[in-house]
Protein chains: 2
Amino acid sequence: MAQNQLKQTKQRRMIVEEFVKMNAHVQAEQLYIRVNVRGAKVGLATIYRTLNLLKEAGLIEQCVFSDGRSVFELATPGQHHDHLVCLDCGDIAEFENEAIEQLQKEIASERQFILYSHRLYLYGSCHKCQMKNPTKASVA
Amino acid sequence: MAQNQLKQTKQRRMIVEEFVKMNAHVQAEQLYIRVNVRGAKVGLATIYRTLNLLKEAGLIEQCVFSDGRSVFELATPGQHHDHLVCLDCGDIAEFENEAIEQLQKEIASERQFILYSHRLYLYGSCHKCQMKNPTKASVA
DNA sequence: ATATATGCAAACGGTTTGCAGGGAG
DNA sequence: CTCCCTGCAAACCGTTTGCATATAT
């Protein structure tokens with residue numbers, strides 16, 4: 001838990017608990033709904049404030065997709081993954097690729113750029129959606 | 001020009017003209033200012049509508065950074081570049097890396113995912129800012 | 001007791017939309 | 001002459017903030 005000079009409150013406990021249950025790709029709004037469905041009233045503002053605290057504490061990470069929605073995930077120290085985003089159903093899959101990570105480091109160091117983080121998004125159509133839609137035009 | 005069943009108007013001409021002059025990393029707000037500085041009044045809404053049309057026509061591409069700002073660039077058919085974003089000064093540099101592009105295609109095809117596009121962002125501190133700031137803590 | 005956290009509602013910033021008037025074809 | 005485009009202002013959406021109250025320590 002966030003024992004970083006933060007008070008422990010029942011809403012924070014609930015938020016963290018539900019976050020962990022959702023266990024990936026958490027959106028503030030959804031978390032808000034899930035927390036409130038089961039009893040206690042927690043304001044949306046508190047959800048956002050808590051998510052930001054957790055992010056600052058390095059416990060969770062944020063990904064901003066091209067459609068503007070923001071998704072949070074439990075931080076996985078040491079490793080990293082990126083996302084395959086289906087533009088048809090909105091589904092998000094993950095992948096890891098050490099070779100790409102390595103190339104990124106090379107690119108950064110070539111330019112004397114200090115890398116703090118990176119995000120790689122692959123946008124397209126997942127297998128499921130290809131089955132559903134006989135043909136498909138491209139999108140950005 | 002966008003001869004895709006679109007009417008040619010003086011505001012559209014001005015927008016495109018200024019867009020090309022800025023020649024990279026165009027933000028709607030900036031474009032709005034530049035177009036209006038030199039004469040004619042063009043509404044922000046028209047800027048957005050035109051940018052969206054150009055995007056749909058495949059003439060420009062949009063990148064959404066993690067801080068929410070959205071940047072447009074002339075489409076470069078056939079090739080692609082990605083971005084190094086400095087979290088200190090906001091500067092954006094570009095790079096191309098064929099090996100990374102290749103790996104992405106492999107990842108997608110392994111998962112039977114049809115790739116439409118992708119975005120890779122490297123976030124960190126550029127050389128200039130490293131000089132200015134003796135020490136620096138990390139950011140997401 | 002004291003500082004921090006909460007809920008609410010209002011503010012925000014970037015983007016989109018509805019509408020009445022204007023201009024391209 | 002018709003339909004598309006424009007400007008304006010209002011609506012939107014996700015997120016943040018101010019404030020008075022409630023709560024953890």
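Throughout, protein chains are lettered first and strands after them, A, B, ... in sequence-line order, and every chain is numbered starting at 1. The figures here come from the full heavy-atom set of this structure, side chains too, leaving out hydrogens, waters and symmetry mates. Computed from a prediction, not measured in an experiment: that's the story for all the values here.
C/dT16 atom P lies 13 Å from atom CD of B/Glu29, rounded to whole Å. Taking atom CZ on B/Arg13 and atom P on D/dC5, their separation rounds to 13 Å, with Å as the unit. Rounded to whole Å, the distance from CD1 on B/Ile15 to P on D/dG7 is 8 Å. Across the protein-nucleic acid pair, A/Tyr48 atom OH and C/dA10 atom P stand 18 Å apart, rounded to whole Å. For B/Phe72 and C/dT15, the CZ to P distance is 7 Å, given to the nearest whole Å. The separation between B/Leu44 atom CG and C/dG18 atom P is 18 Å, rounded to whole Å. The CG-P distance, from A/Asn52 to D/dT15, rounds to 9 Å in whole Å. The separation between A/Leu6 atom CG and C/dT4 atom P is 11 Å, rounded to whole Å.
The cationic atom of A/Arg69 (NZ for Lys, CZ for Arg) lies less than 6.0 Å from the six-membered ring centre of A/Phe65 and within 45° of the ring axis.
Of the residues near DNA chain C, B/Thr9 and A/Thr9, the one whose nearest nucleotide (by heavy atom distance) lies more toward the 5' end is A/Thr9.
With B/Asn36 contributing its side chain and B/Val42 its backbone, the two residues share a donor-acceptor pair below 3.5 Å.
Side-chain N/O atoms of B/Gln8 include none lying less than 4.0 angstrom from OP1 or OP2 on D/dC4. Contact annotation: B/Thr46 does not reach the phosphate of D/dC5 (side-chain N/O to OP1 or OP2, under 4.0 Å). Contact annotation: B/Arg69 does not reach the phosphate of C/dG14 (side-chain N/O to OP1 or OP2, under 4.0 Å).
In the hydrophobic clustering of this structure, B/Leu103 does not group with A/Tyr121; members are Ile, Leu, Val, Met, Phe, Trp, Tyr whose side-chain heavy atoms approach within less than 4.5 Å, directly or through other members.
Nearest to the side-chain atoms of A/Arg49 among the listed nucleotides C/dG14, D/dA24, D/dT17 stands D/dT17. Considering only side-chain atoms of B/Lys7, the nucleotide from C/dT15, C/dA24, C/dA3 that sits closest is C/dA24.
When only modelled atom types and interatomic distance are considered, A/Gln62 and A/Ser70 share a side-chain donor-acceptor pair under 3.5 Å.
Counting non-hydrogen atoms under 4.0 angstrom, A/Lys10 reaches nothing in the nucleic acid.
Taking each heavy atom of B/Gln27 and B/Val71 in turn, the nearest pair found is CG-CG2, 3.7 Å.
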